[in-house]
Amino acid sequence: ITTVGGVLFASIIPRTLGAKLGKRKAFIVGLGLYGVSMILIFVCFVTNWIVFLAFSLLMGAATYVFSSYSALYFMDVGEYYLYKTGKDTRTVAISMMSVPMKIGMMIGSTLSLTLLGGLGYQPGMQVTQAFIHGFLRNLALIPGICVLLAVVVFILCYRITDKDAELYA
């Protein structure tokens, strides 16, 4: 449901917003909205599945604000390096695009199972409010904080504007 809704919604508003914002601002706004949405799941103690789906829809739409630029972020770094040094590393830069995703999936799957075990999860167990609180903390609060930290790192470290990218290309 959230994927279908996210795709339909994202094809209209978020991509248009991303195009108006430009690459750098689209990433900051989209990823920031994603992180805030995750934290709100925890803060609002969302246990109703319909409300959870609404937040998930918002998170999916937030990624569409910047997702059309994904390859360009890496390409801009390669072109910046070519511009500064004369060495062409654009193919290396673009090939690195999947590396963070693979690392994230590896860490996320391992960490999520470890944290679930740390909450005392057992198949068929009686779910308590304390378990739900811990689960939402692990599912939404901690990742949401990490996403917002990633936004800060991006703001501090990725200084290539759209105008600069045109110059380097």
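Bear in mind that the values here come from a model prediction, so they are computed numbers and not experimental data.
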*R90 side chain vs Y81 backbone, donor-acceptor pair below 3.5 Å*: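 The answer is no, because no donor-acceptor pair under 3.5 Å joins these two groups.
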*Distance-only, no hydrogens or angles: does the S109 side chain make a donor-acceptor pair with backbone N or O of M106 under 3.5 Å?*
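Indeed, once roles are kept as given, a pair shorter than 3.5 Å links the two residues.
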As an exercise, state the distance from [atom1] of [X] to [atom2] of [Y], rounded to the nearest 0.5 Å.
{"X": "T89", "Y": "Y80", "atom1": "OG1", "atom2": "OH", "result": "12.0 Å"}
{"X": "N138", "Y": "F42", "atom1": "CG", "atom2": "CZ", "result": "9.5 Å"}
{"X": "E166", "Y": "D164", "atom1": "CD", "atom2": "CG", "result": "9.5 Å"}
{"X": "S112", "Y": "I107", "atom1": "OG", "atom2": "CD1", "result": "11.5 Å"}
{"X": "Q122", "Y": "L116", "atom1": "CD", "atom2": "CG", "result": "9.5 Å"}
{"X": "T63", "Y": "L31", "atom1": "OG1", "atom2": "CG", "result": "9.5 Å"}

*Would you mind listing the cluster partners of L17? Hydrophobic ones only (ILVMFWY), side-chain contacts under 4.5 Å, chaining allowed.*
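L17 shares its hydrophobic cluster with L21, V29, V65.
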_Criterion side chain to side chain contact (heavy atoms under 4.5 Å, CB included) on L58 and L40, from CA distance to verdict_ = CA-CA 11 Å; L58 183 60; L40 285 174; 5.9 Å; no
Measure across [X] and [Y] and return the closest heavy-atom pair with its distance rounded to 0.1 Å.
{"X": "S37", "Y": "M59", "result": "CB-CG, 3.4 Å"}
{"X": "F55", "Y": "C44", "result": "CZ-SG, 4.4 Å"}
{"X": "Y73", "Y": "K23", "result": "OH-O, 2.7 Å"}
{"X": "E79", "Y": "A165", "result": "OE1-O, 4.3 Å"}
{"X": "R137", "Y": "P143", "result": "O-CD, 4.1 Å"}
{"X": "R24", "Y": "D162", "result": "N-OD1, 4.1 Å"}

Same cluster or not: [X] versus [Y], using hydrophobic residues (I, L, V, M, F, W, Y) connected whenever any side-chain heavy atoms lie under 4.5 Å apart?
{"X": "L119", "Y": "L113", "value": "no"}
{"X": "I28", "Y": "L72", "value": "yes"}
{"X": "I132", "Y": "M125", "value": "yes"}
{"X": "I41", "Y": "I142", "value": "no"}
{"X": "V36", "Y": "L136", "value": "yes"}

_Once you measure the plane-to-plane angle for Y158 and F154, does it fall in the parallel (<30°), tilted (30-60°) or perpendicular (>60°) bin?_
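Because their plane-to-plane angle is under 30°, the rings of Y158 and F154 count as parallel.
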_For Y83 and Y168, take the angle between the two ring planes, folded into 0 to 90°, and tell me which bin it lands in: parallel under 30, tilted 30 to 60, perpendicular over 60._
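Tilted: the ring planes of Y83 and Y168 meet at 30° to 60°.
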